[in-house]
*Asks:* 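Sharing a structure with you now.
As the structure lists them, so they are numbered: ligands from 1, and atoms in each ligand from 1. Quick note: residue numbers are just sequence positions, from 1.
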Amino acid sequence: MNYRHDFHAGNFADVFKHVFLARMLAYLARKQAAFRVIDTHAGAGGYDLASEEALRGGEWRDGIGRFADLSEVDEAARELLRPYLDVVGRLDADSRPALYPGSPRIIEALIRPQDRATFCELHPQAFAELRGNFRRDERIACLNLDGYMGLKAGVPPKERRGLVLIDPPFERANEFEVAWSALKSAHAKWPTGMYALWYPVKDAAALARFAKAIAQSGLRRVLRLELAVDELAAGGKLARTGLILINPPYVLDEEAAILLPALAQKFARSARGDVLREWIAGE
Ligand SMILES: C[S@@+](CC[C@H](N)C(=O)[O-])C[C@H]1O[C@@H](n2cnc3c(N)ncnc32)[C@H](O)[C@@H]1O
């Protein structure tokens with residue numbers, strides 16, 4: 001297990017994921033009833049983009065670093081970005097936030113006193129940082145265990161409303177299969193929960209097979225969102241990323257129709273920016 005998110009924090013794929021995470025949390029907070037968030041692969045929580053790793057990776061420059069000037073982003077998209085941008089905070093003269101918020105920081109900021117969150121992280125160093133960041137927050141439990149086991153043990157939550165974020169490092173070749181199998185089992189125990197599975201697109205054909213398997217799985221209300229910033233190049237830099245969303249808020253599809261083109265315009269490395277928004281399975 002070598003993956004360290006520090007090299008990638010704040011890149012376009014992180015911004016894409018976190019923008020939609022913030023939208024779903026904002027939606028859940030519309031009702032007074034408490035909800036639970038389970039983040040199966042939480043990472044450290046927040047990232048210093050001036051660290052050696054972040055500077056060496058430099059990926060944030062073509063991600064959050066492009067958010068210093070949002071003047072060409074239309075008003076509707078800017079309004080939808082607001083919950084995310086409020087958590088990120090001001091960018092400095094180098095287009096860097098004081099600390100780039102990972103999913104745990106975004107969740108921490110957008111849950112209310114009555115809500116609860118469970119963060120799982122397996123890497124010892126990332127877990128030590130994660131626990132250090134949230135040990136004083138009684139709403140949050142940090143668990144040093146395999147996120148898929150944490151998910152199995154955590155559903156259905158007693159709140160009966162909420163969101164599961166599955167954001168694995170995709171270090172192993174069969175991560176899709178493992179993640180999907182964990183998601184299906186969790187869904188069988190908690191069919192009304194919202195689920196978000198993040199993925200990188202390295203092999204478009206493999207992704208198409210995966211989408212077909214989901215379509216044939218019998219699960220309903222499955223939305224697939226993708227953002228591409230360039231053409232896919234074998235062995236090249238990550239250029240396309242996506243989210244599989246199960247039971248997304250009913251407004252999310254419309255919001256994605258506004259947000260995805262705005263993100264593609266912001267992050268495109270060439271004229272090859274592209275988006276995808278499709279219901280793999282409907283009602
Ligand atoms: C893509 S990063 C997570 C980023 C985080 N969700 C965010 O948005 O800020 C993936 C994380 O999963 C951790 N990890 C790898 N395998 C794991 C497992 N089986 N269970 C829990 N965490 C794992 C890695 O150490 C890494 O911190």
*Asks:* Give the atom numbers and elements of ligand 1 that come within less than 4.0 Å of a heavy atom of Gly43.
*Replies:*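 Answer for ligand 1: 27 (O).
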
*Asks:* Do Met149 and Lys152 come within less than 4.5 Å of each other through their side chains, counting heavy atoms only?
*Replies:*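 A side-chain contact is absent here, since even the closest heavy-atom pair is not under 4.5 Å.
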
*Asks:* Pull out every atom of ligand 1 sitting under 4.0 Å from any heavy atom of Leu145, numbered as shown with elements.
*Replies:*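 Reading through ligand 1 atom by atom, the close ones are 20 (N), 21 (C).
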
*Asks:* Does an N or O from Arg172, backbone or side chain, lie closer than 3.5 Å to an N or O of ligand 1?
*Replies:*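 Arg172 vs ligand 1: no N/O contact under 3.5 Å.
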
*Asks:* From atom 13 (C) of ligand 1, work out which of Arg4, Glu121, His8, Gln125 has a heavy atom at the shortest distance.
*Replies:*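 When every heavy atom of Arg4, Glu121, His8, Gln125 is considered, Glu121 comes closest to atom 13 (C) of ligand 1.
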
*Asks:* For the side chain of Asn174 and the backbone of Glu177, is there at least one donor-acceptor N/O pair under 3.5 Å apart?
*Replies:*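 Checking the backbone N and O of Glu177 against the side chain of Asn174, no donor-acceptor pair under 3.5 Å is found.
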
*Asks:* Heavy-atom distances under 4.0 Å are what count here, so tell me which part of His18 touches ligand 1: side chain, backbone, both or neither.
*Replies:*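 For His18, the contact with ligand 1 is made by the side chain alone.
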
*Asks:* At under 4.0 Å between heavy atoms, which part of His41 makes contact with ligand 1: side chain, backbone, both or neither?
*Replies:*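 Contact part for His41 vs ligand 1: both backbone and side chain.
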
*Asks:* Numbering the atoms of ligand 1 from 1, which are under 4.0 Å from a heavy atom of Ala42?
*Replies:*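 Every atom of ligand 1 under 4.0 Å from some heavy atom of Ala42: 5 (C), 6 (N).
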
*Asks:* Looking at Ala268, is its backbone amide N or carbonyl O close enough to the side chain of Arg66 to form a donor-acceptor pair, meaning the two atoms are under 3.5 Å apart?
*Replies:*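 Yes, Arg66 side chain to Ala268 backbone: donor-acceptor pair under 3.5 Å.
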
*Asks:* Has Leu21 got any heavy atom lying under 4.0 angstrom from an atom of ligand 1?
*Replies:*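 Checking ligand 1 against Leu21, which is what was asked, there is no heavy-atom contact under 4.0 Å.
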
*Asks:* Between Glu226 and Arg224, does any side-chain N to carboxylate O distance fall below 4.0 Å?
*Replies:*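 Looking at Glu226 and Arg224, the cut-off is met.
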
*Asks:* Which bit of Ala9 gets closer than 4.0 Å to ligand 1, counting heavy atoms only: side chain, backbone, both or neither?
*Replies:*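 Under 4.0 Å from ligand 1, Ala9 contributes no heavy atoms.
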
*Asks:* Could you tell me whether Gly147 and ligand 1 have an N or O pair separated by under 3.5 Å?
*Replies:*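 It does: an N or O of Gly147 is found under 3.5 Å from an N or O of ligand 1.
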
*Asks:* Within a distance under 4.0 Å of any heavy atom of His123, pick out the atoms of ligand 1 and give their elements.
*Replies:*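 Those of ligand 1 that fall under 4.0 Å from His123 are 25 (O).
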
*Asks:* State the atoms of ligand 1, each with its element, that fall below the 4.0 Å cut-off from a heavy-atom position in Asp146.
*Replies:*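 Taking each heavy atom of Asp146 in turn, ligand 1 has 18 (C), 19 (N), 20 (N) under 4.0 Å.
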
*Asks:* So, are Arg105 and Glu108 salt-bridged, with charged N and O less than 4.0 Å apart?
*Replies:*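 Result for this pair is yes, salt bridge flagged.
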
*Asks:* Check for a donor-acceptor pair, side chain of Asn144 on one end and backbone N or O of Glu121 on the other, with a separation under 3.5 Å.
*Replies:*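 Looks like yes, one N/O pair under 3.5 Å.
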
*Asks:* Are Asp62 and Phe267 close enough that some pair of their side-chain heavy atoms sits under 4.5 Å apart?
*Replies:*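 No; the side chains remain at least 4.5 Å from each other.
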
*Asks:* Check each atom of ligand 1 against the heavy atoms of Asp167 and keep those under 4.0 Å away; list them by number with element.
*Replies:*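 Within the 4.0 Å cut-off of Asp167, ligand 1 contributes 1 (C), 2 (S), 3 (C), 4 (C), 5 (C), 6 (N), 7 (C), 8 (O), 10 (C).
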
*Asks:* Using modelled atom types only, decide if a donor and an acceptor are shared between the side chain of Arg240 and the backbone of Pro200 within a distance under 3.5 Å.
*Replies:*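 No, because the side chain of Arg240 does not come within donor-acceptor range (under 3.5 Å) of the backbone of Pro200.
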
*Asks:* Do ligand 1 and Tyr148 have nitrogen or oxygen atoms that lie under 3.5 Å from each other?
*Replies:*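 N/O-N/O distance below 3.5 Å does not exist for this pair.
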
*Asks:* Would you indicate whether the side-chain heavy atoms of Phe127 and Phe119 approach each other to under 4.5 Å?
*Replies:*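 When only atoms from C-beta onward are counted, Phe127 and Phe119 do not touch, as no gap falls below 4.5 Å.
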
*Asks:* Exactly one of Thr118, Ile166, Asp146 should register a side-chain contact (heavy atoms from CB on, under 4.5 Å) with Leu151. Which one does?
*Replies:*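 Result for side-chain contact (heavy atoms from CB on, under 4.5 Å) with Leu151: Ile166.
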
*Asks:* Looking only at heavy atoms, is any part of Lys17 under 4.0 Å from ligand 1, and if so is it the side chain, the backbone, or both, or is it neither?
*Replies:*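 Answer for Lys17: side chain.
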
*Asks:* Show me which atoms of ligand 1 lie under 4.0 Å from any heavy atom of Ser103.
*Replies:*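 Here the atoms of ligand 1 in question are 5 (C), 6 (N), 7 (C), 8 (O), 9 (O).
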
*Asks:* Output yes when Arg36 and Asp115 qualify as a salt bridge under the 4.0 Å nitrogen-oxygen rule, no when they do not.
*Replies:*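 No.
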
*Asks:* Using a strict 4.0 Å cut-off to heavy atoms of Gly102, name the atoms of ligand 1 that fall inside it.
*Replies:*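 What qualifies from ligand 1 is 9 (O).
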
*Asks:* Could you establish whether Ile106 and ligand 1 come within less than 4.0 Å of each other, counting only heavy atoms on the residue side?
*Replies:*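 Per 4.0 Å heavy-atom rule, Ile106 does not contact ligand 1.
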
